[in-house]
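These notes concern the structure reproduced below.
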Amino acid sequence: MTSREVSEARLLIVGLGLIGGSLAAALRASGHRGEIVACDPDAREVACGIEMGLIDRGDTQLAPLVEDASLVVLAVPVLAMESVMAELAEALPQAAADVVVTDVGSTKAAIREAAMRVFGELPANLVLGHPIAGSEKSGVAAANAELYVRHKVILTPTANTDPAAVARVRRLWATCGADVLEMTVERHDQVLARTSHLPHLLAFSLVDTLARQDERLDIFRYAAGGFRDFTRIAGSDPVMWRDIFLANRDAVLASLDDFEAGVARLRHAVEQGDGDGLLATFDRASHARHYFESLLNQSSYQAEYQMQQQGKLTFRAAPGGHVVGRIRVPGDKSISHRSIMLGALAEGVTEIKGFLEGEDSLATLQAFREMGVAIEGPHQGRVTVHGVGMHGLQAPSGPLYVGNAGTAMRLFAGLLAGQAFDTELTGDVSLTKRPMGRVADPLREMGAEIDTAEGGRPPLRIKGGRRLRGIDYDMPMASAQVKSCLLLAGLYAEGETRVREPAPTRDHTERMLAGFGYRVHREGDTCWLQGGGKLTAAPIDVPSDISSAAFFLVAAAITPGSDLVLEHVGINPTRIGVINILQAMGADLRLENEREVGGEPVADLHVRYAPLHGIDIPADQVPLAIDEFPALFVAAANAEGTTRLRGAEELRVKESDRLQAMADGLAAIGVEHELLPDGIDILGSATREAASYGGGRVDSLGDHRIAMAFAVAALRASDAIVIDDCANVATSFPGFVELAAQVGLTISQNDEEEG
């Protein structure tokens, strides 16, 4: 038996309607060999279930069926649950000694209270659950073995629930193809009131309102698809929904209050002819729909629903080939983040070109929409931000979710510390493991009030309305994110905020602040600004991201026969470590058509294959190439001799411990190396004719840069390199696989683990 197979000897389903019947059908389809019995007050439903082969036997009375039952599923209406539990409680001594009871009700607090009234406490073997699946059809005749496939089932165990019981119920639904999640009873009822109960209530109300009007025939005759799609759910079982609304009364009323407030704002905007107000709401809603859908395609109930990840993506990079062509990689992520942030705080309208439409940047964009900023786009890299001024942001309705974007979280921390309202910053599973004390501690010195999770990790809870004071801060380590965070907080602080860095870091924030008319001073290793100024909207043309370009620079540099041009790449002096290091290794890499766009220097990068040799990476180049080292490690593996890196402790606190993860990956394909606390030595094996190393399987640990680095490494491998956990590549480089194919790499994708 596998962990996904149900081993219950006798399964009792109480209530043989669509939900109970579909559960039986799904178990039959999975090959479940145990006995399935059912109780239903309608003898015809029981007979139909037997005739369809869904159940072995059934009865209209519960007691005779409880004997030796090992798992009981209560699939009855919410308001009938208490009476059924009472009847079950009397017969339960006849069940198997290890019997487990679960339910399918959509309002968990009401069912929990019913159970406590019946049993006197919440039994340890009772696992409250709710499959989020259904149909307008009802009755066992509508049973569908596929009803739960790729649908959510939410379990709401308490601290007293037996873990073994939870595991058995989890296995039951997993066997049916469902994604099984857990949350508290209270959270479940709040979420479902907003995502399921409220939409049904509105659909019933809209159809009823229109059906009572004189023009109802024309209204329904000419109704468009959108009306039909929205009101389809008004065809659901009225009795069932009456019970749900009454059982989940408080949460439904709270969600209805929020909705009515939103409708009132829209009504006011229409009355006043407030086009910006309407645009802000419509654009926020439209892009929220697309944004969260893109997240949910890769992980379930991320963002406000706080659920675990699912759905791994695997790359298979074929060996050999060469890299030829002329391409433009996506816009710079660092500049895309900052363009939205400063455009939102500016006075006037900011037009952005070349915006990176990856998940990290979209998370920043969506967060500002949730704080009341009207933003048009993105469309083919174009975004229009209607700035609200330094003090025009509004309190979001819930936590701000920034996905995998460490840059966004750290910069947001500084920006939000100066707002009048409270905020919470949260992110995906990877981001919640990353340290935030490095920004929280100096912000507290400025007067901010910030709470973090254990170990200084997200989520960050920032108290609004605090009076910030400028500070003179010596950064213990070089970090553009920390510097930018403090400068953004300094915009709202009294006096001067000075930041001294131990080594140069990227200066996009300072350049863009100047571009928006805010004076930033720089002298030696220190930059500073005076609080209390304002930002004025300015156009931004985002250069191509040198961090994304790095993978193709290395691909061409290591592969005989390659000749590649990367267009319009940002060559900010604080970002060109990868260029300097590759040139020092002997790469044939030239900068062409150098120019300046919006305060940022750009150029076309022309790279041809040339033999590389190992070097000791200069200490002053380490902070200028910190994000590009996964790609540079691949270059080192293809160079003659040893490449040595020191002073790179920062790599251990990126999306993964990149030093360890890259070392493990290099080991998997046979590259000799020695891992050190702050760096690595890599012994290259460069021969023009032969492969530099073997193939193998690498775990990227969800780190997009590691995934792309080993995809490039396959160009000089003797066999394919299979890379697991690659879904996050979309966070920094949407379209990577397609662009790689355009210039000669062969990468296939698979969302199921390969054998």
Side-chain angles (χ1 to χ4, degrees), residues 315 317-323 546-560 562 564 577-579 581-587 589 607 609-615 617 625-645 648 651 654 656 658-673 675 679-687 690-701 703-723 726 729 732-733 736 740 743-747:
F315 284 175
H322 55 271
V323 183
I546 196 168
S547 293
S548 297
F551 300 102
F552 290 101
L553 291 176
V554 169
I558 67 173
T559 310
S562 295
L564 180 69
V578 63
I579 294 175
I581 292 168
L582 283 174
Q583 289 176 332
M585 295 176 74
L589 197 171
V607 58
Y609 169 75
L612 302 180
H613 55 82
I615 64 169
I617 295 174
I626 199 69
D627 282 333
E628 291 74 56
F629 278 116
L632 286 168
F633 287 2
V634 172
N638 287 278
E640 183 177 352
T642 300
T643 298
R644 299 177 179 85
L645 171 66
L651 288 173
K654 290 291 186 177
S656 64
R658 282 186 178 153
L659 282 175
Q660 184 67 58
M662 285 299 299
D664 292 344
L666 292 172
I669 61 175
V671 176
E672 289 188 48
H673 64 279
L675 182 62
I680 193 170
D681 292 349
I682 298 173
L683 178 60
S685 174
T687 56
S692 299
Y693 33 74
R697 192 170 199 119
V698 173
D699 187 351
S700 78
L701 302 175
D703 190 322
H704 43 99
R705 300 198 193 281
I706 290 173
M708 290 185 281
F710 281 104
V712 166
L715 286 162
R716 297 302 307 275
S718 62
D719 201 354
I721 297 179
V722 177
I723 309 149
C726 299
V729 168
S732 67
F733 200 149
F736 168 73
V743 297
L745 285 78
T746 304
I747 305 169

* To do: Supply the atom-to-atom distance I723 CD1 to F710 CZ, rounded to the nearest 0.5 angstrom.
  => 8.0 Å
* Structure fact -> Between A550 and A631, the two heavy atoms sitting closest are O-CB, 4.2 Å
* To do: On the 0 to 90° scale, with breaks at 30° and 60°, tag the F315-F736 ring pair as parallel, tilted or perpendicular.
  => parallel
* **Residues that S547 engages under side chain to side chain donor-acceptor pair (under 3.5 Å), provided they are two or more places apart** => R575, E628
* Exam field: side chain R716 to backbone A690, donor-acceptor pair closer than 3.5 Å -> yes
* To do: Hey, could you give me the NE2/OG1 distance between H613 and T642, rounded to the nearest 0.5 Å?
  => 13.0 Å
* Quick one: does T643's side chain get under 4.5 Å of D681's, heavy atoms only? -> no
* Got a second to check how far L651's CG is from R705's CZ, nearest 0.5 Å? -> 11.0 Å
* Measure across A668 and V698 and return the closest heavy-atom pair with its distance rounded to 0.1 Å. => CB-CG2, 4.3 Å
* NE2 of H704 to CZ of F733: how many Å apart, nearest 0.5 Å? -> 12.5 Å
* Asked: Would you say S562's side chain and V323's backbone share a donor-acceptor pair under 3.5 angstrom?
  -> yes
* Asked: When you look at CD of E640, are more than 12 heavy atoms from neighbouring residues, nucleotides or ligands closer to it than 6.0 Å?
  -> no
* Side chains of M662 and F629: closer than 4.5 Å at any heavy-atom pair? -> no
* Name of the residue among I581, I617, L553 meeting side chain to side chain contact (heavy atoms under 4.5 Å, CB included) with L632 -> I581
* Asked: Can you check whether S685's main-chain N or O pairs, donor with acceptor, with Y693's side chain at less than 3.5 Å?
  -> no
* Distance (rounded to the nearest 0.5 Å) between I682 CD1 and F633 CZ -> 5.0 Å
* For residues V634 and F551, determine if any side-chain heavy atom of one lies less than 4.5 Å from a side-chain heavy atom of the other. => no
* Structure fact -> Closest non-hydrogen atoms of I615 and A584, given as atom of the first, atom of the second and distance, are CG2-O, 3.6 Å
* Asked: In Å and rounded to the nearest 0.5 Å, what is the CZ to CG distance from F552 to L745?
  -> 6.5 Å
* Structure fact -> By side chain to side chain donor-acceptor pair (under 3.5 Å), D699 pairs with (sequence neighbours left out) none
* Does some side-chain heavy atom of V671 sit less than 4.5 Å from a side-chain heavy atom of L683? -> no
* Structure fact -> Heavy atoms of S692 and N638 approach each other most closely as OG-OD1, 2.7 Å
* To do: Check side chain to side chain donor-acceptor pair (under 3.5 Å) between Q660 and all other residues, then give those that pass, not counting sequence neighbours.
  => D664
* Nearest heavy atoms of L701 and A661, plus distance in Å -> CD1-CB, 3.8 Å
* Taking every non-hydrogen atom, the tightest pair across R658 and D703 -> NE-OD2, 2.8 Å
